[in-house]
Structures are given as structure tokens and as C-alpha cells.
Amino acid sequence: MKMKKDMWLGLSERAKKSLVSRDYKTGSLAQRISESGVDAGDLVAPRSKAELKKGWIPGVEIFSRTIHPQRHRGSFGELMRESEGILGKIGLRPKQWSAARMFAYSAKGFHIHPPSIPVDTTAEKWLRRLFVVLPQNYSSRPYDREQWDVMFFLQGRAEIFLRDARAGLPDRSMRFFVDGDNHRGRNNVGVVIPPGVAHAIRAEGSEDVIMVYGTSTTFQPEFEGRIASEIETTELPASWRKFLSS
């Protein structure tokens, strides 16, 4: 069907002025990691890919999990084995395990845990040494003095947002989608988040999200800093309210 020159002729002037066109260009992998988001399965690939390395936040780990179907009963999936896999490699053994449920259409606003900085150096020098100069010297990480998180998703689908806020490291963002065990596939992953990396989670779709997470220290309220967490109480964006009331 041939469209008229002004295809929006049937709208009011106010509505026409409010219209914008969405950009459907996908962009590079590095751009999608930091902007629109990617499937978690795309991030489990080897880090040697230059584009993947360029957009990666140092210290973040994303590792694949295998979920085994048990016909007519459900499924089975391992979380971790001591001294094996990624957690064994980096020497992270959680001291506390917790569970959380997020209702559909809800979100947890950004929060962050403080890195532990030795008194005889600066934050910039220490963090660059740990994550840039000697990134595989895992034994130097003070897991017992700062909170590292390792997250597993058992139900639903979640969108994860990460933002590096550590002194001396590049400002980088990561955005990716993780599937719970009830959605078997390449997006069944575990996620390790270092202190100093702000993180937020949003339930994707109409299903509750159930997660299990381990922390390198037991819960300490002073280790949690809130950043831009008003999403937990905001009902509608300001632009929606303005349009609806116009």
C-alpha cells in the first residue's frame, strides 16, 4: 500500500510533535554490551576476542551452567563445586548463601560494595595492580575484607546492569540477559561481581525471578551503598505521566 506523504495526518499536532523514530541498528558487540544489552551466552565466549575484551569490566566473571532435564519431575543444575570451575580458579568461596525472589515487572536499584584498600597505597594503584597489571594474581584479592557476589538464577529471566565505579579503572558498563533454570539454554550462567562495581537487576517478562547468591563475607549493612535506587518505587516515567495528562 502506498503511503501518503504525511502518514501521520490522522494524529493531532501535539501527538505528531511527540513522535520519535527508533534506531534499529544493532551496533558492535562492545556497543551492545554497554548500551542495548546482549544475551549472557554471548559473553561466555573466550575473552581473547578483542571486541569482547574491550567492553569487559575487570574482575567480572560470567560462566556457563548446564541444566539437566528430569522428565516428568523437573530439572537439576549444579551451582558450584569447591575448588573447581571459575570460582575454584579465582579462589572465591562464599561465606554466606542467600535466596531472593523478585516479582514480575519489578527491579532492584543500583547498589555497590566498597573495595578494601591497603593503608600503604592509593586506591588507584591498588586496583590497577589487582585488575590491570596482575589480573590473574587471584591470591592477592582480599575476599575476607570486602564483599564479592556470585549470583545464580533458578527461575524467570533477568536483565543485569553493571557499572564500574572503581578509582583508576575505565568507566565501563555491561548489560546482559540471564535465564533461570526453568528456561534451559545458553543463557543459564553464573555471575561474579567484584566490589566497586555497581549492579542492578530487572525482572524481564511476566514471570517472578528467583535467585540464589553467595557472598565472600557475611552480611554487613555498612558494605551496601545505594545509588539511583528510586526505580524500586517509581510507578511511571515522567514522560509517560506528562503525555497521559496532556
Side-chain angles (χ1 to χ4, degrees), residues 27 29-44 52 55-63 65 92 94 96-115 127 131 146-167 169-180 183 187-217 219-240:
L29 179 58
Q31 288 176 316
R32 288 185 283 121
I33 290 174
S34 64
E35 296 173 6
S36 59
V38 299
D39 285 344
D42 293 336
L43 302 179
V44 179
L52 189 59
W56 201 274
I57 294 176
V60 169
E61 304 286 350
I62 300 175
F63 52 96
R65 300 176 56 232
L92 175 56
Q96 178 174 330
W97 288 96
S98 306
R101 184 184 197 120
M102 292 178 59
F103 291 142
Y105 309 113
S106 68
K108 293 181 181 293
F110 275 102
H111 64 281
I112 192 169
H113 309 300
L127 293 171
F131 298 103
E146 57 188 18
Q147 181 174 321
W148 287 64
D149 293 342
V150 53
M151 300 180 177
F152 302 95
F153 294 84
L154 308 185
Q155 176 184 291
R157 289 187 164 101
E159 184 176 14
I160 313 297
F161 301 83
L162 305 179
R163 176 70 177 178
D164 199 341
R166 292 169 292 185
L169 298 185
D171 294 330
R172 289 177 178 166
S173 298
M174 294 178 67
R175 181 178 178 182
F176 52 94
F177 298 86
V178 178
D179 290 346
H183 299 283
N187 293 330
N188 299 135
V189 301
V191 182
V192 175
I193 304 175
V197 175
H199 43 289
I201 305 173
R202 181 163 63 180
E204 186 194 20
S206 59
E207 188 177 13
D208 289 358
V209 170
I210 296 177
M211 59 183 292
V212 169
Y213 59 98
T215 53
S216 59
T217 61
F219 176 70
Q220 301 182 50
E222 62 271 23
F223 276 9
E224 184 175 279
R226 309 296 298 183
I227 303 175
S229 57
E230 65 272 10
I231 190 173
E232 298 174 5
T233 57
T234 299
E235 295 182 0
L236 291 174
S239 59
W240 286 24

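Given the structure is predicted, the values throughout are model-derived calculations rather than measurements. Throughout, residue positions are numbered sequentially from 1 according to the sequence presented. Values below: every heavy atom of this structure, side chains too, minus hydrogens, waters and symmetry copies.
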Candidate pair Asn187 and Phe177, rule side-chain contact (heavy atoms from CB on, under 4.5 Å), full reasoning: CA-CA 7 Å; Asn187 293 330; Phe177 298 86; 5.5 Å; no
Stepwise side-chain contact (heavy atoms from CB on, under 4.5 Å) check, Ile227 with Arg163: CA-CA 11 Å; Ile227 303 175; Arg163 176 70 177 178; over 6 Å; no
cation_pi(Arg166, Phe131) dist<6.0 Å, angle<=45: yes
Lys/Arg-Asp/Glu bridge criterion (N-O < 4.0 Å) met for Arg226, Glu224: yes
CD-CZ distance between Glu207 and Phe103, expressed to the nearest 0.5 angstrom: 13.5 Å
Interatomic spacing from CD1 in Ile201 to CZ in Phe110 - rounded to 0.5 Å: 10.5 Å
Thr215/Phe223 under side-chain contact (heavy atoms from CB on, under 4.5 Å): CA gap, chis, key distance, verdict: CA-CA 11 Å; Thr215 53; Phe223 276 9; over 6 Å; no
Check ion pair Arg101-Asp208 (N to O, under 4.0 angstrom): yes
Rounded distance (nearest 0.5 Å) linking atom OG1 of Thr217 with atom CH2 of Trp148: 12.5 Å
Shortest non-hydrogen contact between Asp171 and Asp164, atoms and distance: OD1-O, 4.0 Å
Gap separating the CG atom of Asp179 from the CZ atom of Arg65, nearest 0.5 angstrom: 11.5 Å
Leu162 CG to Arg175 CZ distance, which is reported to the nearest 0.5 Å: 12.0 Å
Spatial distance of atom CZ (Arg157) from atom CD (Glu159) [nearest 0.5 Å]: 13.0 Å
